[in-house]
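The next block holds one structure in the form of structure tokens; read it before the comments.
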Protein chains: 2
Amino acid sequence: MANKTTIRQKPTITTRTRTGDSNDARPRRTALSRDRIEVESLALIEEVGIDEFSTRKLGQRLGCEAMSIYHYFPSKAHIMDALADRLLAAMPTPDPGLSPAMRLRGFAQNWRTLAVERPRIFPWLSLHRRNSEIGTRMDDEIVACFYDAGLSPERASLGFRVLGYYVQGAALDEGSGYANGTSSLRPLPAAEVAAHFPRVATIARYSDQAHFDTMFELGFTALLREFGLE
Amino acid sequence: MANKTTIRQKPTITTRTRTGDSNDARPRRTALSRDRIEVESLALIEEVGIDEFSTRKLGQRLGCEAMSIYHYFPSKAHIMDALADRLLAAMPTPDPGLSPAMRLRGFAQNWRTLAVERPRIFPWLSLHRRNSEIGTRMDDEIVACFYDAGLSPERASLGFRVLGYYVQGAALDEGSGYANGTSSLRPLPAAEVAAHFPRVATIARYSDQAHFDTMFELGFTALLREFGLE
DNA sequence: TCCCGCATCTTACATTGTAAGCCACGACAC
DNA sequence: GTGTCGTGGCTTACAATGTAAGATGCGGGA
């Protein structure tokens with residue numbers, strides 16, 4: 001989707017003669033930095049969506065040319081990587097004093113919250129391997145909950161995955177409403193759904209935050225019980 | 001990632017003078033059709049990945065120019081839509097004679113199988129809203145299992161979602177190994193993981209099909225039980 | 001004053017989706 | 001036969017993308 005009926009932009013006429021502007025009101029743009037680039041990237045992504053997130057638009061928002069960004073990151077993929085790490089790093093670690101089950105609940109809660117607060121980047125993040133140092137550390141803290149609860153390495157590994165499946169699915173759903181990502185170009189009109197698939201139509205009635213919370217708890221505790229935690 | 005150290009292609013010199021070629025050995029390429037375009041699209045995506053899937057590469061594979069495809073589909077998004085419907089339509093419907101729980105197991109199995117058989121398109125599909133007619137029908141058949149088991153509309157809706165969360169997460173994981181999608185550009189080397197995060201390293205030991213199956217069953221039956229099926 | 005290096009910009013190119021229009025060929029009317 | 005036309009494909013063109021390669025300006029040390 002490269003074309004979008006856009007208006008040709010004026011070629012910017014870079015006012016390099018900044019020096020001649022004796023008034024030193026310092027309209028000097030904030031200097032670039034990895035940090036600023038990351039912050040603005042996250043903001044831009046939530047604004048325009050991850051598909052429309054481009055280095056040129058980012059440059060515009062930063063007040064620089066697209067290529068200037070490459071002085072701080074060798075590629076767009078490196079930026080994305082940094083964003084993933086930044087989001088993971090920003091997640092609070094559940095209080096180590098809590099029970100394993102409660103800590104797991106905390107991790108799950110964090111993940112679900114992230115899905116809701118950053119719905120445009122979250123689907124990407126959740127499909128991105130968490131195998132950077134910081135992501136691995138987070139996984140380690142999660143498995144640790146199962147070990148702390150006295151599970152064998154095998155049971156702990158299974159628990160990590162099984163609970164993870166559930167949390168992942170829940171967060172993806174909650175983050176973008178009933179379903180995620182692109183939609184069918186010719187979706188069945190709601191009226192048709194109501195008429196022909198009343199059961200499907202009914203599901204939508206339970207899509208508020210309250211239901212998401214109790215629904216999540218329902219499955220989560222069932223799985224915790226399965227592993228003897230709680 | 002548009003640039004890829006490619007070699008400039010020869011400009012094809014379209015041999016329009018096909019008529020002069022008296023030998024009518026009919027090297028005439030198979031005619032285009034929606035069906036053929038869909039089939040080749042699916043094949044191409046599994047070959048090169050969904051990001052590298054372009055109308056030009058598709059044209060090459062079909063033996064036509066990219067724009068010829070637009071005679072059959074108004075846009076690439078429409079192709080993707082058709083692929084989603086085709087994949088859903090190809091999924092076998094579990095025998096209606098089976099118990100609701102077993103039918104649900106069948107749907108889940110289908111989904112997981114698809115994830116493994118078409119790993120390159122599956123993550124996209126699973127984030128694509130299933131709100132075309134055919135997708136809605138499938139959802140309806142799934143909720144129907146809960147109704148058939150005697151659940152109230154509310155409980156059925158919750159069950160649909162809760163079980164769905166789990167299946168979705170499981171399929172995404174199984175389809176691409178321990179995690180999905182792009183990977184960190186500087187992943188922690190396995191040796192580092194083994195040294196500093198032995199618990200995480202252990203998880204990988206349970207990533208074969210046998211473990212996936214028992215692991216999946218474990219959580220799935222726990223959730224079924226929670227809803228009183230089985 | 002000269003020079004150097006860092007940060008930023010310019011230019012350029014391959015690749016993408018796709019709008020707009022062209023053109024060949026077979027089917028039909030006469 | 002000779003129009004005429006629609007169908008199915010092709011050509012060209014353009015905006016947008018990531019990014020390689022190199023130019024350019026500025027500030028600071030010699």
Side-chain angles (χ1 to χ4, degrees), chain A residues 1-21 24 26 28-34 36-37 41 44 48-60 62-81 182 185, chain B residues 1-21 24 26 28-37 41 44-45 48-60 62-81 182 185:
Chain A
M1 330 317 177
N3 205 353
K4 205 164 284 290
T5 61
T6 33
I7 279 76
R8 171 77 103 166
Q9 235 133 309
K10 68 174 194 291
T12 319
I13 309 185
T14 42
T15 51
R16 295 191 136 303
T17 52
R18 200 190 296 143
T19 348
D21 217 340
D24 96 333
R26 296 238 155 237
R28 212 174 191 55
R29 319 191 165 295
T30 336
L32 283 179
S33 70
R34 287 175 65 91
R36 204 160 84 82
I37 291 170
S41 292
L44 182 56
V48 306
I50 203 158
D51 289 338
E52 291 298 315
F53 170 61
S54 75
T55 55
R56 279 170 173 87
K57 284 182 194 134
L58 179 55
Q60 217 167 302
L62 289 164
C64 72
E65 291 301 314
M67 287 310 291
S68 304
I69 296 162
Y70 283 72
H71 187 68
Y72 298 88
F73 290 94
S75 80
K76 191 188 180 189
H78 284 82
I79 299 180
M80 296 308 293
D81 233 34
T182 57
L185 291 177
Chain B
M1 330 314 174
N3 205 352
K4 206 163 279 293
T5 64
T6 32
I7 278 76
R8 171 78 104 166
Q9 236 133 307
K10 66 171 193 296
T12 320
I13 308 183
T14 42
T15 51
R16 293 192 136 306
T17 51
R18 199 193 293 144
T19 346
D21 216 342
D24 98 330
R26 295 243 157 230
R28 212 171 192 58
R29 319 195 163 295
T30 337
L32 284 178
S33 70
R34 288 176 66 90
D35 199 71
R36 204 160 83 84
I37 290 170
S41 292
L44 182 55
I45 288 173
V48 305
I50 203 158
D51 290 337
E52 291 298 315
F53 170 61
S54 74
T55 54
R56 280 169 173 88
K57 286 184 194 132
L58 179 55
Q60 218 168 302
L62 288 164
C64 73
E65 291 302 313
M67 287 310 292
S68 305
I69 296 162
Y70 283 72
H71 187 70
Y72 298 88
F73 290 94
S75 79
K76 192 188 177 188
H78 283 82
I79 300 179
M80 297 309 293
D81 233 34
T182 58
L185 292 176

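Residue numbering restarts at 1 for every chain, and letters A, B, ... go by the order of the sequence lines.
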Requested in this report: Starting from the C-alpha separation in whole Å, work towards a yes-or-no answer on side chain to side chain contact (heavy atoms under 4.5 Å, CB included) for B:Leu32 and B:His71.
Outcome: CA-CA 9 Å; B:Leu32 284 178; B:His71 187 70; over 6 Å; no
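For A:Ser68 and C:dA7, the shortest distance from a side-chain N or O to OP1 or OP2 is not below 4.0 Å.
The NE2-P distance, from A:His78 to D:dA20, rounds to 11 Å in whole Å. Atom P of nucleotide C:dG17 and atom CD of B:Gln60 are separated by 13 Å, given to the nearest angstrom. Atom-to-atom, CD1 of B:Ile50 to C1' of C:dG17 comes out at 15 Å; the value is rounded to the nearest Å. Between B:Arg56 atom CZ and D:dT12 atom P the separation is 13 Å, expressed in whole Å. Look at CD1 on B:Ile37: it is 11 Å from P on D:dG8, rounded to the nearest Å. A straight line from OH of A:Tyr72 to P of D:dT19 spans 18 Å, rounded to a whole angstrom. Note: CE (A:Met67) to P (C:dC13) measures 15 Å, nearest angstrom. D:dA20 atom P lies 14 Å from atom CD1 of A:Ile69, rounded to whole Å.
At the heavy-atom level, A:Phe73 lies nowhere under 4.0 Å from the strands shown. Across all strands, B:Ser54 comes closer than 4.0 Å only to sugar-phosphate atoms, never to a base (heavy-atom distances).
In this structure the side chain of B:Arg36 never reaches within 4.5 angstrom of the side chain of B:Tyr72, judged on heavy atoms. Contact of the A:Met80 side chain with the A:Ile50 side chain is registered, since non-hydrogen atoms from C-beta on lie closer than 4.5 Å.
Here the nucleotide nearest the side chain of A:Ala66, chosen from D:dG9, C:dG17, D:dT19, is D:dT19. Side-chain proximity of B:Lys76 to D:dG9, C:dT18, D:dG18: nearest is C:dT18. The listed nucleotides are C:dC6, C:dG17, D:dC10; the one nearest the side chain of B:Tyr70 is C:dG17. Distances were taken from every side-chain heavy atom of B:Glu65 (C-beta onward) to each of D:dC10, C:dC9, D:dT19; the shortest belongs to D:dC10. Between C:dT16, C:dC6, C:dG17, one nucleotide has an atom nearer to the side chain of A:His71 than all others, and that is C:dC6.
Applying the side chain to side chain contact (heavy atoms under 4.5 Å, CB included) test to B:Tyr70 and every residue at least two apart in sequence or in another chain returns B:Thr55, B:Met67. With sequence neighbours excluded, the residues satisfying side chain to side chain contact (heavy atoms under 4.5 Å, CB included) with B:Phe73 are B:Arg34, B:Ile37, B:Glu38, B:His78, B:Ile79, B:Ala82.
With DNA chain D read from its 5' end, the first of the two nearest nucleotides for A:Pro74 and A:Lys57 is the one closest to A:Lys57.
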